[in-house]
Every structure is written in C-alpha cells, then in structure tokens.
Amino acid sequence: MNIPIHLDLFFVGIVVITTCVFGFAVYFSNTKSITNRIFLLFSLVTALWGVANYLVYQIAKPEYVLWVIRFSVFLATFHAFLLYEMFLIFPSDNYHFSKKNKFILIPMTIFVALLTLTPLVFFEIEPTSQGISGLTVGMGVLFFVLLTFCLAIMAFVNLIKKIRHEKSLNARSPLIIILIGFIISFSMILVLAMIVPVFFNYTGFNKYSALMIFPFIALTAYSILRHKLLNIKSIPVLILICFLLLFTLFEAISSNNTNELLLSSGLVFIEIILSIFLLKIVIGGEHQKVEIERVVEQLKNLDELKSKFMSLARHQIGTPLTAVKGYVSLLDDGIYGEVPLEMKPTLVTIQRLVDKFVHIIKDFIDVTKLEQQEVKYNFVECDLHQLICEIVKEYNVSMLERGLKVKYSFNHDVVFTVNADKEKLKQALVNVFENIFKFARNGSVLIELFYDFKAFTLKITDNNHRILPAVNSKLISKLTHSGDEYEASIVGNDLGLYVAKKYIEAHGGNFQVSPSIHGRGTTFSINLNINSHHNNL
C-alpha cells in the first residue's frame with residue numbers, strides 16, 4: 001500500500017470538499033432563500049481562497065506566486081463582504097438591502113477587490129524555502145486592510161445585536177453557535193496567519209488557511225440545520241458523498257508520480273461536479289416531497305372545512321327553509337286568514353323554489369358523503385319494476401301538469417329482482433326522473449326494462465328533452481359550467497345525476513346519458529347485475 005506523501009493537500013482537500021458539498025446542499029434545499037444563496041457564495045469563495053493559499057507554497061516561479069497571492073487577497077475581500085452580508089440577513093429567506101448596501105458598500109468592495117490585483121497592493125515577491133519573504137507591499141494594501149477589518153467588525157456587531165434582540169433561547173442558540181465559530185476561526189487566523197508571520201517570520205501556516213476557517217463553516221452549517229434550512233433526510237446522502245470524495249482524494253495524494261496525481265485530481269474534480277448534480281436531484285426530490293405533503297395537508301384541511309360547511313348547510317340552512325315551507329303551507333290553507341286569489345300563484349312559486357333549494361342542499365350533502373365514503377348500504381332483495389312504478393306514481397301529478405305521458409316496455413314473464421339498497425337505488429332513479437320532469441314538456445317518456453346477459457337494463461327516454469349531445473357527457477360530472485344559458489340551466493342541476501351515477505356504481509352497475517336514437521330527447525341508461533353488490537365506493 002502506498003504511503004501518502006501529500007498530507008497537506010489532503011487536509012486542504014477535506015475542507016474544500018466538505019465546504020462545497022454542504023454549500024450546495026443548503027442551496028438546493030431552498031434555492032429561493034437569500035440566506036442559502038449567500039451561504040453558497042461564501043462556501044465557494046472559502047474553498048477557492050483555501051486552494052489559492054495552498055498553491056502559494058506549491059509554485060516555484062515568483063511571477064506566478066505573486067499573481068496567486070493577489071488572487072488570494074482578491075478572494076479575501078469578497079470573503080469578508082459575504083461574511084458581513086450573511087450575518088446581516090441570517091436566517092431570513094427574504095431580505096431588502098438598504099441603499100447604502102447597494103450603492104456604497106458593494107461598489108467599494110468591488111473597487112478594493114480589483115485594486116488587490118494591481119501592483120498598488122503587492123508589487124514584488126521573492127519565495128524562499130522558509131516561506132514567503134521579500135514581498136513588496138504598496139500603499140493600496142491600506143484600503144484592503146481597512147475594508148476587511150471594518151466588515152469583520154460590522155459583521156461581529158450585527159451578530160451580537162441579533163443575539164441580544166432574540167428573546168427565546170431556541171432562536172438565540174444558533175446565533176451563539178455561529179458566534180463561537182467566528183471567534184475560533186478569527187482567532188486562528190489572527191494568531192497563525194498574522195502574528196506568527198510578523199513576529200516569528202514564519203508563513204508556513206498560511207497554506208492551511210482553509211482549515212482555519214473550517215470551524216466557522218462547520219458551526220454555521222449546524223446553525224442552518226437548526227433553522228431547518230437543510231432537510232434532515234438528506235444528511236445520509238451528504239455523508240456518503242463526502243466519504244466517496246475523500247476516499248478518491250486519499251487515493252490521489254497517495255500517488256507516487258505527477259501523472260497519477262494529476263489524473264486522480266481530475267477524477268476528484270469530476271466526482272465533485274457529479275456529486276453536485278446528485279445533491280440537486282436528491283434534495284430537490286425531498287423538497288418536492290415536502291411540498292406535496294404540505295399541499296396534501298392543506299387539501300385535508302379544506303376537506304374538513306367543506307364537511308363543516310355541509311353540516312352547517314344541513315342544519316342551519318335546511319331548518320329555516322323547512323320552517324318557511326311550513327308557513328307557506330299554512331298561508332295557503334288559510335290558517336292566518338283568507339288569501340287573496342292574486343297571491344295564490346306567488347305562494348305556489350315560493351313553495352316550488354323552497355323545494356328546489358332543499359333538494360339542492362340535499363344533493364350537496366349526498367355528494368360530500370359519497371366522496372368521504374360515509375354512505376352506508378343495506379342490501380336486500382327488491383323488485384326493480386315495482387320500484388319504478390312507485391316513483392312514477394309519486395310524480396303522476398307533476399307529469400300531468402307538464403303534459404307528459406308514460407309508456408312502459410318490459411317483459412311480464414321476467415321477475416326483476418335485484419340485490420340492492422332500496423333507498424339508495426330509489427334515490428338514484430328519482431334524481432333521473434326529476435331531471436326529465438324539470439325540462440320535458442308536452443311529450444312522452446318511454447321506460448324500458450329488460451333482461452340482457454345476466455343483467456337488467458333500464459332505459460328512460462323522453463322525446464322532448466332538448467339536451468345537446470355536447471352537454472350529455474357533462475351531466476354526470478360533479479360540477480360543470482357551460483357558456484350557453486340553456487345548457488347552463490341544465491348542467492347547473494347535474495348534482496342529482498352525479499349522485500345517481502355514484503349510487504348505481506356502488507351497486508356494481510353503470511350509468512350513461514346519451515341522445516335518443518330519434519335525434520330528439522335524451523336516453524338515460526342504467527345497467528344492474530342481478531346479484532348486484534356494494535363495491536366499497
């Protein structure tokens with residue numbers, strides 16, 4: 001087994017990989033959160049800054065080293081800026097930046113960052129075996145030091161203010177954890193990257209700057225996790241990805257020659273890219289799952305509200321309507337005195353409208369019970385033909401008023417006995433007849449009942465029920481709307497047909513609406529098995 005010969009690269013690689021992976025993981029968990037976006041940028045700048053500081057001590061040519069140092073300081077400028085912004089907005093999902101931030105701080109940061117790439121900050125360098133020495137510093141470095149120092153102080157002050165303003169311990173503790181990480185990392189940078197080089201003339205610790213900032217990254221990540229900005233279910237995936245990347249990195253630094261090192265390093269880079277896409281898929285899927293669960297929960301709440309409304313409609317609206325209907329009957333009977341003849345038609349109209357309103361409420365309640373599977377069935381043997389005759393008899397007066405005649409067509413030798421819930425089956429047939437009686441005038445209604453392949457088929461056809469073919473398919477939908485005024489008047493009463501369809505299906509049958517074969521009127525077809533049963537609708 002090869003012995004690692006690039007342990008410094010391995011330590012830097014650990015920080016760079018974990019920082020990038022966690023930055024993208026947080027971002028993908030909620031791409032719209034401004035905190036997540038800033039943390040991703042901060043993580044990427046931290047990773048690049050750590051790599052640049054490491055490369056300073058791996059490059060031999062002074063001119064290249066100078067540009068790498070400039071690039072490192074360039075990144076350090078934005079590093080300090082993003083640190084301030086993160087402390088300013090954490091843990092908000094949305095934040096409105098002030099004009100001072102947009103038009104003063106951001107341009108100033110960009111100006112200083114670009115300044116660090118010029119000879120005004122670093123002019124010349126002479127590398128030695130002990131580190132970096134002979135670095136010629138220009139007057140422009142004062143701008144860099146002043147800006148980064150002020151940003152760090154302002155970030156620290158903002159964090160302290162947030163901690164003091166938070167009253168609950170649960171909201172304060174993540175901020176305290178971030179503060180601890182900031183103090184640890186800042187202290188390490190101050191001692192190892194500033195005091196040691198100045199007083200002991202040793203800059204070897206600078207290549208481990210990524211390790212110095214790692215405590216802050218790790219504790220900030222934990223705080224973000226505490227604020228539920230990262231889905232906990234994605235943590236195992238994060239651990240697995242980091243383990244695989246670190247294993248590949250370990251193989252890379254164990255290489256004995258440069259070619260193997262370059263090849264393995266390229267594989268690490270490719271795995272990082274693939275891991276980012278994997279994180280997006282996994283965390284995005286978890287995020288969508290959470291959203292779906294949230295929508296389902298909202299739908300359940302809406303369903304409960306609908307049930308409460310139906311209960312309210314049944315008791316709080318139905319009861320007054322019943323009272324109104326009773327008082328209208330008393331008026332019509334003359335209990336409160338003789339009613340003028342001119343008022344008789346008005347009382348009849350009121351009575352009819354109240355009956356219609358009560359029937360609509362009943363249909364709504366039936367639909368709700370059907371959808372929530374709250375309908376209970378009591379299956380017994382019943383005579384389908386006798387049931388139809390009872391219904392026609394009940395509507396005999398209404399049919400005479402509308403000029404309708406009923407015609408029968410059935411085989412007298414067949415006993416039309418089915419296993420069904422008589423009350424529900426009757427309600428279904430009543431809803432069909434009511435739909436016909438509401439719109440048919442001066443015509444006939446043909447009722448056909450016959451036996452066909454172990455099933456009974458009931459067809460009810462009227463020859464004067466003007467329903468367009470395009471509307472027929474809508475009649476058995478729960479709620480529909482049509483632009484045509486006549487069609488809308490029909491489709492607006494389709495709840496009864498919807499209830500009829502559901503009751504028939506619960507008996508193992510099927511219900512269809514189609515134009516009559518004569519091209520005028522409508523045919524309602526109901527098929528029921530002889531041994532129909534409840535199919536747990």
Side-chain angles (χ1 to χ4, degrees), residues 9-54 75-76 78-83 85-87 89-95 174 177-178 181 185 209-250 252 264-291:
L9 175 60
F10 181 69
F11 291 135
V12 173
I14 290 176
V15 178
V16 170
I17 289 175
T18 53
T19 299
C20 290
V21 169
F22 201 89
F24 277 103
V26 171
Y27 171 72
F28 288 140
S29 66
N30 185 4
T31 57
K32 296 181 180 179
S33 170
I34 186 64
T35 297
N36 291 23
R37 294 176 181 178
I38 295 296
F39 183 78
L40 173 61
L41 292 176
F42 183 82
S43 300
L44 295 178
V45 171
T46 299
L48 290 174
W49 182 59
V51 171
N53 285 332
Y54 175 79
L75 293 173
F78 287 104
H79 198 264
F81 170 75
L82 292 172
L83 177 70
E85 295 291 336
M86 191 163 61
F87 283 3
I89 66 175
F90 182 86
S92 304
D93 287 337
N94 299 292
Y95 188 84
I177 292 173
I178 293 178
S185 293
S209 57
L211 284 173
M212 301 176 194
I213 204 68
F214 185 72
F216 173 74
I217 291 289
L219 293 178
T220 302
Y222 175 75
S223 295
I224 292 178
L225 180 61
R226 284 285 301 271
H227 275 84
K228 299 180 180 180
L229 299 180
L230 176 64
N231 195 323
I232 296 178
K233 295 181 180 179
S234 62
I235 292 179
V237 179
L238 289 177
I239 295 175
L240 178 61
I241 289 175
C242 290
F243 176 78
L244 293 175
L245 291 175
L246 292 178
F247 178 78
T248 306
L249 178 64
F250 184 82
S264 300
S265 300
L267 291 176
V268 173
F269 179 76
I270 293 174
E271 285 189 11
I272 291 176
I273 301 299
L274 294 177
S275 299
I276 291 173
F277 284 104
L278 178 61
L279 282 173
K280 182 177 181 181
I281 294 172
V282 173
I283 298 177
E286 289 290 341
H287 183 68
Q288 290 179 355
K289 183 179 179 181
V290 171
E291 285 295 314

Worksheet entry | Gap separating the CG atom of Leu41 from the OH atom of Tyr27, nearest 0.5 angstrom | 9.0 Å
Response to the item:
Here the gap from Phe90 atom CZ to Ile34 atom CD1, rounded to the nearest 0.5 Å, amounts to 13.5 Å
Item to complete: Kindly say whether Ser92 contributes a backbone atom to a donor-acceptor pair with the side chain of Thr35 at under 3.5 angstrom?
Response: yes
Practice prompt. With the side chain counted from C-beta on, respond yes when Leu83 and Phe216 share a heavy-atom pair under 4.5 Å apart, and no when they do not.
Written response: yes
Fill in: Nearest atoms (heavy-atom pairs only) where Leu40 meets Phe24
CD1-N, 3.7 Å
Worksheet entry | For the student: nearest non-hydrogen atoms of Ile178 and Phe87, plus distance | CG2-CE1, 3.4 Å
Worksheet item: Roughly how far, to the nearest 0.5 Å, is CG of Asn94 from CD1 of Ile89?
Response: 10.0 Å
Worksheet item: Looking only at heavy atoms, which two atoms of Thr19 and Ser43 are closest? And how far apart?
Response: CG2-O, 3.3 Å
Worksheet, complete the sentence: When rounded to the nearest 0.5 Å, the distance separating NE2 of His79 from CH2 of Trp49 is 6.0 Å
Item to complete: Could you tell me which non-hydrogen atom of Arg37 sits nearest to which non-hydrogen atom of Lys32, and how far apart they are?
Response: NH2-CA, 3.7 Å
Worksheet entry | Test side-chain contact (heavy atoms from CB on, under 4.5 Å) applied to Leu75 and Thr46, Leu48, Leu44, the passing residue | Leu48
